[in-house]
Amino acid sequence: LPEILFSHVYEAEAYRNHFPARTDFIEITYLAEGALELTVGKERICARKGDLICLLHHEETAVTADLVEFCQAKRP
């Protein structure tokens with residue numbers, strides 16, 4: 001059965017983090033406000049308010065919340 005290792009609520013005006021590739025690990029994030037730019041391997045992805053993100057961490061992943069110009073340019 002899956003094991004929950006950590007659960008929390010996080011709020012910040014700026015956020016930057018880098019996650020190395022891992023196996024047997026999944027991260028589920030819901031964006032209640034704002035936007036995130038994710039770089040998974042070589043792919044850039046924009047997540048916005050209301051998105052549910054499921055990261056498997058099979059590849060290196062970088063998450064940034066203070067450089068949202070990329071996300072603003074991608075708005076439909």
Side-chain angles (χ1 to χ4, degrees):
L1 291 172
E3 179 182 351
I4 296 175
L5 299 176
F6 185 66
S7 176
H8 71 287
V9 173
Y10 185 80
E11 181 178 333
E13 288 186 27
Y15 177 78
R16 288 175 183 255
N17 210 336
H18 177 267
F19 302 96
R22 296 178 66 172
T23 58
D24 299 326
F25 187 81
I26 187 172
E27 179 180 354
I28 301 169
T29 301
Y30 173 75
L31 241 59
E33 294 290 334
L36 290 175
E37 179 183 333
L38 300 108
T39 304
V40 181
K42 294 182 180 182
E43 182 178 6
R44 290 174 74 190
I45 303 163
C46 180
R48 293 184 194 86
K49 177 181 176 176
D51 285 351
L52 184 66
I53 306 162
C54 185
L55 293 172
L56 301 177
H57 291 285
H58 290 163
E59 297 182 78
E60 275 188 41
T61 303
V63 181
T64 306
D66 61 341
L67 300 173
V68 294
E69 294 87 11
F70 172 75
C71 293
Q72 290 172 348
K74 291 281 195 173
R75 287 185 189 235

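Scope of the values below: all heavy atoms of this structure, side chains included, with no hydrogens, waters or symmetry mates.
Counting all heavy atoms, side chain and backbone alike, S7 lies closest to I4 at CB-CG2, 4.5 Å. Closest approach of A47 and L38 over heavy atoms only: CB-CD1, 3.9 Å. Taking all atoms of both residues into account, the shortest heavy-atom contact from I28 to C54 is CG1-SG, 4.4 Å.
E59 pairs by the side chain to side chain donor-acceptor pair (under 3.5 Å) definition with nothing, not counting sequence neighbours.
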Candidate pair V40 and L56, rule side-chain contact (heavy atoms from CB on, under 4.5 Å), full reasoning: CA-CA 10 Å; V40 181; L56 301 177; over 6 Å; no
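The NE2 atom of H18 lies 7.5 Å from the OG1 atom of T61; values are rounded to the nearest 0.5 Å. The CD atom of E60 lies 10.5 Å from the OG1 atom of T39; values are rounded to the nearest 0.5 Å.
In this structure, Y15 has its ring center closer than 6.0 angstrom to the ring center of Y10.
Each salt bridge (Lys or Arg N to Asp or Glu O under 4.0 Å) pair with one or both residues in residues 22-34, not counting sequence neighbours, appears once here: E33-K49.
Using a 4.5 Å cut-off on side-chain heavy atoms (C-beta onward), T29 and L52 make no contact. Here the side chains of I53 and L36 are in contact, with some heavy-atom distance below 4.5 Å. Side-chain contact between N17 and F19 is present, with heavy atoms from C-beta onward closer than 4.5 Å.
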